[in-house]
Amino acid sequence: MTQVNTQMLGTVRNNWTLAEVRELFALPFADLMYHAQRVHRQHFNPNEVQVSTLLSIKTGACPEDCAYCPQSIRYDTGLEREELMAIDEVLESARAAKAKGATRFCMGAAYRSPKDKQLKVIAEMVRGVRDLGMETCATLGMLTPNQAQTLKDAGLDYYNHNLDSSESFYEKIITTRTYQDRLDTLQNVRDAGINVCCGGILGMGETDQDRAQLLQTLATLPKHPESVPINQLVHVAGTPLKNAAPLDPFEFIRTIAVARLLMPKSHVRLSAGRTDMSDEMQALCFLAGANSIFYGDKLLTTENPEADRDHALFAKLGITPEASTVVAEVCETDHAHEHSHVSAMSNAVAG
Ligand code: SAM
Ligand code: DTB
Ligand code: SF4
């Protein structure tokens with residue numbers, strides 16, 4: 001150890017150097033896992049995992065050229081294009097997700113940036129989902145300060161906007177908008193008082209250095225994102241990254257552990273790619289400090305593990321879903337929500 005004082009790990013810092021981040025990555029696996037688990041336990045119940053469900057509210061025909069994405073209009077991925085869903089349909093889907101145990105509902109749209117007219121409709125969706133007693137999240141592309149404020153006023157809890165990779169590797173993956181565009185949207189979201197959900201994708205052909213730089217950028221934002229999704233690339237036929245070489249699973253787990261150490265109070269989400277992971281690999285990710293997942297058999301357009309598989313995994317590991325703060329607020333005023341989704345997932349796990 002030359003740079004990092006391991007005794008100090010667990011304290012929130014925003015001045016991590018790249019050398020420190022690289023040093024954490026280079027720790028022997030057992031030491032890295034030990035520190036990650038130790039720090040995780042300082043801030044979280046290690047047996048609880050936050051559970052979100054995703055819905056694609058507007059699918060395909062996106063003008064951007066993100067090389068990993070099945071929804072870009074530039075790649076023939078065989079995806080059926082779908083217009084913005086009706087508010088009722090979205091609320092129906094949120095009710096179903098809640099009944100199955102999700103505490104957060106995340107609405108994703110394949111936009112470069114939403115038009116104000118579209119945003120008005122989405123704000124109504126957010127209102128409706130919040131009224132169900134769920135936490136709300138949206139990922140709609142770039143936002144102006146006013147748009148972020150409109151979503152905040154509608155009750156949006158989280159906005160997902162990923163940096164995806166290091167600044168230098170990003171340019172090889174996306175040419176239609178810059179890293180700075182992404183940082184600007186994150187700032188607009190932060191300024192509006194919405195929680196930030198920001199992470200990246202691993203396994204796109206990036207180097208160790210790129211992964212370290214991505215985490216360093218996230219951990220040196222003025223405030224750490226409250227939620228940090230770590231996606232494993234889903235290889236989609238028709239996209240330029242279809243044949244990207246798979247990442248060594250231990251590199252993926254290390255990245256989760258380093259994210260846990262750099263952003264000790266953030267939820268780290270084991271996001272896309274779980275369908276291709278064994279139960280043992282997912283368990284190591286939880287030990288490394290991941291404490292959030294997407295739950296439900298679909299991500300946006302690709303597969304996610306079946307709910308039954310996740311129930312079985314949670315039961316085997318003794319994991320229970322984390323209660324949502326929004327639900328607590330709503331329950332105080334509305335006893336109809338007493339039999340919440342948390343107990344639905346807990347029952348499912350117990351059963
Ligand atoms: N269009 C908006 C945007 O790009 O911000 C919102 C939706 S976009 C699909 C949300 C995120 O999904 C992307 O930033 C990317 O990190 C992730 N994603 C998309 N395709 C993926 C894939 N094939 N594998 C893993 N993650 C993926
Ligand atoms: C995130 O980081 N991962 C989610 C969510 N944010 C929106 C999306 C994963 C998408 C995987 C490809 C698909 O299903 O289309
Ligand atoms: Fe469009 Fe988002 Fe896909 Fe990029 S990641 S092509 S912006 S939907």
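No experiment lies behind these values; they were computed from the predicted model shown.
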May I ask you to decide if Ala219's main-chain N or O and His224's side chain share a donor-acceptor pair within less than 3.5 Å?
-> yes
Any chain of hydrophobic side-chain contacts (each under 4.5 Å) joining Tyr295 to Val90?
-> yes
Are Phe44 and Met263 connected in the hydrophobic side-chain network, where two residues link if heavy atoms are under 4.5 Å apart?
-> no
Verify the distance criterion only: is there a donor paired with an acceptor across the side chains of Asp181 and Thr178 at less than 3.5 Å?
-> yes
Carboxylate-amine/guanidinium contact Arg104 Glu322, below 4.0 Å = no
Ignoring hydrogens and angles, state whether a donor on the side chain of Tyr158 or His267 is under 3.5 Å from an acceptor on the partner side chain.
-> no
Is there a donor-acceptor contact under 3.5 Å from the side chain of Asn291 to the main chain of Val268?
-> yes
Give the C-alpha distance, both sets of side-chain angles, the deciding distance and a yes or no for side-chain contact (heavy atoms from CB on, under 4.5 Å) between Asp208 and Phe25.
-> CA-CA 9 Å; Asp208 301 359; Phe25 268 102; over 6 Å; no
Do Cys198 and Leu163 come within less than 4.5 Å of each other through their side chains, counting heavy atoms only?
-> yes
Compare all side-chain heavy atoms of Ile293 with those of Asp310 and state whether any distance is below 4.5 angstrom.
-> yes
Interatomic distance, Leu156 atom CG to Asn195 atom CG [nearest 0.5 angstrom] = 9.0 Å
Please round to the nearest 0.5 Å and tell me the distance separating atom NZ of Lys223 and atom CG of Asn14.
-> 10.5 Å
Step through the shown structure and confirm whether more than 12 heavy atoms of other residues, nucleotides or ligands are within 6.0 Å of CD on Gln42.
-> yes
Please report the shortest heavy-atom distance between Ala272 and Val234, naming the atom on each side.
-> CB-CG2, 3.9 Å
In Å and rounded to the nearest 0.5 Å, what is the OG1 to CD distance from Thr220 to Gln216?
-> 5.0 Å
Mind checking whether Arg130 and Met125 have side chains closer than 4.5 Å, heavy atoms only?
-> no
Indicate if Val228 and Leu202 have the same hydrophobic cluster label, given that clusters are the connected sets of ILVMFWY residues with side-chain heavy-atom separations under 4.5 angstrom.
-> yes
Yes or no on ring pair (Phe, Tyr, Trp, His ring centres under 6.0 Å) for His40 and Phe286, after CA distance, side-chain angles and deciding distance?
-> CA-CA 10 Å; His40 190 50; Phe286 294 135; 9.4 Å; no
Answer yes or no: is there a donor N or O on one side and an acceptor on the other, between the side chain of Thr275 and the main chain of Glu303, under 3.5 Å?
-> yes
Any chance you could lay out the salt bridge (Lys or Arg N to Asp or Glu O under 4.0 Å) test for Lys316 and Glu280, step after step, and finish with the verdict?
-> CA-CA 11 Å; Lys316 272 193 265 190; Glu280 293 84 346; over 6 Å; no
Is it true that a side-chain atom of Arg260 and a backbone atom of Pro264 form a donor plus acceptor pair closer than 3.5 Å?
-> yes
For the residue pair Tyr170 and Tyr179, categorise the inter-ring angle as parallel (less than 30°), tilted (30 to 60°) or perpendicular (more than 60°).
-> perpendicular
Over all heavy atoms of both residues, which pair between Asp164 and Leu214 is shortest? Give the atoms and the distance, please.
-> O-CD2, 4.0 Å
Can Thr185 and Asn188 be counted as having a side-chain donor-acceptor contact under 3.5 angstrom?
-> no
Counting only N and O atoms by type, is there a donor-acceptor contact under 3.5 Å from the side chain of Asn231 to the main-chain atoms of Leu233?
-> no
Which is it for Glu92 and Arg95 under the salt bridge (Lys or Arg N to Asp or Glu O under 4.0 Å) test, yes or no, and what are the steps along the way?
-> CA-CA 5 Å; Glu92 198 44 53; Arg95 264 182 226 109; 3.0 Å; yes
Is a side-chain N or O of Asn160 found less than 3.5 angstrom from the main chain of Thr139, in a donor-acceptor match?
-> no
Can His235 and Tyr68 be said to form a ring pair (Phe, Tyr, Trp, His ring centres under 6.0 Å), step by step?
-> CA-CA 7 Å; His235 296 83; Tyr68 48 75; over 10 Å; no
With sequence neighbours left out, write down each residue that passes side-chain contact (heavy atoms from CB on, under 4.5 Å) with Ala109, or none if nothing qualifies.
-> Ile57, Lys58, Tyr111, Leu140
Go through Phe105 and Lys98 one step at a time and tell me if the side-chain contact (heavy atoms from CB on, under 4.5 Å) criterion holds.
-> CA-CA 8 Å; Phe105 192 67; Lys98 178 177 167 175; over 6 Å; no
Looking only at heavy atoms, what is the nearest atom pair of Ser271 and Pro229, with distance?
-> OG-CB, 3.1 Å
Between Ser168 and Gln213, is any pair of side-chain heavy atoms under 4.5 Å apart?
-> yes
When clusters are formed from ILVMFWY side-chain contacts under 4.5 Å, directly or step by step, what else is grouped with Leu300?
-> Leu54, Phe294, Leu299
Hey, is Glu124 close enough to Arg127 for a salt bridge, meaning N to O under 4.0 Å?
-> yes
Would you say the side chain of Thr302 lies within less than 4.5 Å of the side chain of Lys298, judging by non-hydrogen atoms?
-> no
Tightest non-hydrogen contact, residues Arg190 and Pro225, listed as NH2-CA, 4.0 Å
Are Ile174 and Ile73 linked, directly or through other ILVMFWY residues, by side chains that come within less than 4.5 angstrom of each other?
-> no
Do the side chains of Gln147 and Met142 get nearer than 4.5 Å, heavy atoms only?
-> no
No-hydrogen, no-angle side-chain donor-acceptor test under 3.5 Å, Asp210 and Ser165 = no
Shortest non-hydrogen contact from Val129 toward Met107 | CG2-CE, 4.1 Å
Just do the side-chain contact (heavy atoms from CB on, under 4.5 Å) check on Arg274 and Gln282 with the steps written out, would you?
-> CA-CA 7 Å; Arg274 289 198 303 118; Gln282 294 185 61; 2.8 Å; yes
Test Glu80 against Thr59 for side-chain contact (heavy atoms from CB on, under 4.5 Å), laying out the working first.
-> CA-CA 8 Å; Glu80 289 276 335; Thr59 306; over 6 Å; no
Distance in Å, Thr301 OG1 paired with Gln71 CD, rounded so as to fall on 0.5 Å steps | 5.0 Å
Backbone of Cys69 reached by a side-chain donor or acceptor of Ser72 within 3.5 Å | no
Worked check of side-chain hydrogen bond (donor to acceptor under 3.5 Å, both in side chains) between Asp157 and Thr136 | CA-CA 5 Å; Asp157 296 300; Thr136 53; 3.1 Å; yes
Indicate yes or no for a side-chain donor-acceptor contact from Ser266 to the backbone of Ser227 under 3.5 Å, with no hydrogens or angles considered.
-> no
Donor-acceptor contact present, side-chain His161 to main-chain Cys197, <3.5 Å | no
Can you check whether Tyr75 reaches Asp65 side chain to side chain, under 4.5 Å on heavy atoms?
-> yes
If you look at every heavy atom in Pro321 and Val51, which pair is closest and at what distance?
-> CB-CG2, 4.0 Å
Could you tell me whether the side chain of Arg74 reaches within less than 4.5 Å of the side chain of Thr176, counting heavy atoms only?
-> yes
State whether Glu206 and Arg211 are salt-bridged, where the test is any N-O pair (Lys NZ or Arg NE/NH1/NH2 against Asp/Glu carboxylate O) under 4.0 Å.
-> yes
Just by distance, do the side chain of Ser93 and the backbone of Glu89 share a donor-acceptor pair under 3.5 Å?
-> no
In terms of hydrophobic clustering (I, L, V, M, F, W, Y; side-chain heavy atoms under 4.5 Å; direct or indirect links), are Ile201 and Val236 co-clustered?
-> no
Tell me, please, which residues at least two apart from Arg38 pass salt bridge (charged side-chain N to carboxylate O under 4.0 Å, His left out).
-> none
